[in-house]
Amino acid sequence: MGLDNGVIIQCRDVELPHYKDYEWLARNGESEVCYWRKFWGFRNDVVEHFGQKEECDDIELDVDKITELIEILEKYLERKFYNNFGESIWSYEDYLIHNIQCLKNLKCVREYLKVHPDVRCYFYDSY
């Protein structure tokens, strides 16, 4: 298996610049905003920053927390930081465009949540 992380929003009407829809998500009325595979450094930064209670617990995200998540991910756009702390199976070059697309999606979700604060959004942690 391995480490999988992502951001899920429980709605179907948010418009995202980079959107991947998976059948199981569509059945649940959710949209996967971001997905990361075996990106240990980023995952560890996120769960530490947000104080995850139990391993693999979801971390609820609101507008402010999405801003904080964006700030964490932006650090990994720098080659040196990514190479030193990313702990990923993917090279910097392989994951750069993916992470930029995730940032664009997170910014759209942040704007969406400003108008729809009752919609559930969360970071999932799975391995």
Side-chain angles (χ1 to χ4, degrees):
M1 204 140 136
L3 178 68
D4 294 298
N5 301 111
V7 174
I8 303 285
I9 188 167
Q10 290 187 325
C11 72
R12 303 285 303 152
D13 62 343
V14 62
E15 292 185 30
L16 302 170
H18 178 68
Y19 183 70
K20 288 188 177 179
D21 196 10
Y22 301 98
E23 191 173 321
W24 67 272
L25 289 172
R27 286 194 304 263
N28 293 323
E30 298 178 331
S31 297
E32 186 166 52
V33 176
C34 300
Y35 172 78
W36 298 278
R37 175 99 174 123
K38 295 188 178 184
F39 192 10
W40 285 97
F42 173 69
R43 177 260 181 204
N44 293 341
D45 281 352
V46 171
V47 300
E48 182 178 315
H49 178 83
F50 292 111
Q52 184 185 53
K53 305 273 188 264
E54 297 286 328
E55 196 163 325
C56 294
D57 273 357
D58 294 340
I59 298 170
E60 299 295 323
L61 300 172
D62 57 17
V63 171
D64 293 333
K65 288 182 178 177
I66 288 180
T67 299
E68 294 169 28
L69 184 62
I70 288 168
E71 291 169 356
I72 294 169
L73 185 56
E74 283 177 335
K75 295 187 301 185
Y76 289 92
L77 297 183
E78 290 185 40
R79 179 185 302 271
K80 187 173 181 180
F81 190 89
Y82 182 95
N83 289 336
N84 288 335
F85 302 107
E87 298 178 48
S88 177
I89 63 170
W90 313 108
S91 72
Y92 173 80
E93 291 80 10
D94 289 339
Y95 235 31
L96 179 61
I97 297 301
H98 176 80
N99 284 330
I100 290 170
Q101 291 168 331
C102 286
L103 284 168
K104 289 178 183 178
N105 283 357
L106 288 170
K107 290 174 182 179
C108 289
V109 168
R110 179 176 58 189
E111 294 307 307
Y112 183 87
L113 289 177
K114 287 178 182 177
V115 178
H116 304 92
D118 295 334
V119 171
R120 183 174 185 237
C121 183
Y122 61 95
F123 176 89
Y124 69 86
D125 183 34
S126 172
Y127 59 95

Original post:
salt bridge (Lys or Arg N to Asp or Glu O under 4.0 Å) between Lys107 and Glu74: does it pass, once the steps are laid out?
Top reply: CA-CA 12 Å; Lys107 290 174 182 179; Glu74 283 177 335; 3.8 Å; yes

Original post:
So Asp4 and Tyr124, side-chain hydrogen bond (donor to acceptor under 3.5 Å, both in side chains) or not? Walk me through it.
Top reply: CA-CA 8 Å; Asp4 294 298; Tyr124 69 86; over 6 Å; no

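- Atom CH2 of Trp40 has more than 12 heavy atoms from other residues, nucleotides or ligands within 6.0 Å.
- Gln52 places a side-chain N or O within 3.5 Å of a backbone atom of Asp57 that can act as its donor or acceptor partner.
- The number of heavy atoms from other shown groups lying within 6.0 Å of CD (Glu93) is above 12.
- Cation-pi geometry between Arg37 and Tyr35 is not met: the NZ or CZ atom fails to fall both under 6.0 Å from the ring centre and inside 45° of the normal.
- In this structure, the side chains of Asp125 and Leu3 come closer than 4.5 Å at one or more pairs of heavy atoms.
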**OP:** Carefully, step by step, assess Asp94 and Ser91 under the rule side-chain hydrogen bond (donor to acceptor under 3.5 Å, both in side chains).
**Re:** CA-CA 5 Å; Asp94 289 339; Ser91 72; 3.1 Å; yes

**OP:** Apply side chain to side chain contact (heavy atoms under 4.5 Å, CB included) to Cys121 and Val7, showing your working.
**Re:** CA-CA 7 Å; Cys121 183; Val7 174; 3.7 Å; yes

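- In this structure, Phe81 and Phe85 have tilted ring planes: the angle between them lies in the 30° to 60° band.
- Under 4.0 Å is where a charged nitrogen must lie from a carboxylate oxygen, and between Glu60 and Lys65 no such pair does.
- In this structure Tyr82 satisfies the ring-ring contact (aromatic ring centres under 6.0 Å, His included) test together with Phe39, Tyr92, sequence neighbours excluded.
- The closest donor-acceptor contact from the side chain of Ser31 to the backbone of Val33 lies at 3.5 Å or more, if one exists at all.
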Subject >> Residue pair Arg43, Val47: steps toward the side chain to side chain contact (heavy atoms under 4.5 Å, CB included) verdict >> reply: CA-CA 6 Å; Arg43 177 260 181 204; Val47 300; 3.6 Å; yes

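- Atom-to-atom distance recorded for Asp45:CG and Glu48:CD is 7.0 Å, nearest 0.5 angstrom.
- One distance of note links SG of Cys11 with NE2 of His116; it measures 8.0 Å at 0.5 Å rounding.
- A heavy-atom distance below 4.5 Å is found between the side chains of Leu77 and Leu96.
- Here Ile59 contributes atom CD1 and Phe50 contributes atom CZ; the two are 6.5 Å apart, rounded to the nearest 0.5 Å.
- Between Gln101 atom CD and Leu106 atom CG the span is 12.0 Å, to the nearest 0.5 Å.
- A distance of 13.0 Å separates CZ of Arg120 from CG of Asp62, quoted to the nearest 0.5 Å.
- Of the inter-residue distances, the one linking Phe123 atom CZ with Asp58 atom CG reads 9.5 Å to the nearest 0.5 angstrom.
- Trp36 and Phe42 have tilted rings, their planes meeting at an angle from 30° to 60° on a 0 to 90° scale.
- For the pair Leu73/Cys102, a side-chain contact is recorded, criterion being any heavy-atom separation below 4.5 Å from C-beta on.
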**OP:** Evaluate the criterion side chain to side chain contact (heavy atoms under 4.5 Å, CB included) for residue pair Glu30 and Ile9; output intermediate values, then yes/no.
**Re:** CA-CA 6 Å; Glu30 298 178 331; Ile9 188 167; over 6 Å; no

Subject >> Stepwise side chain to side chain contact (heavy atoms under 4.5 Å, CB included) check, Leu61 with Leu113 >> reply: CA-CA 10 Å; Leu61 300 172; Leu113 289 177; 5.6 Å; no

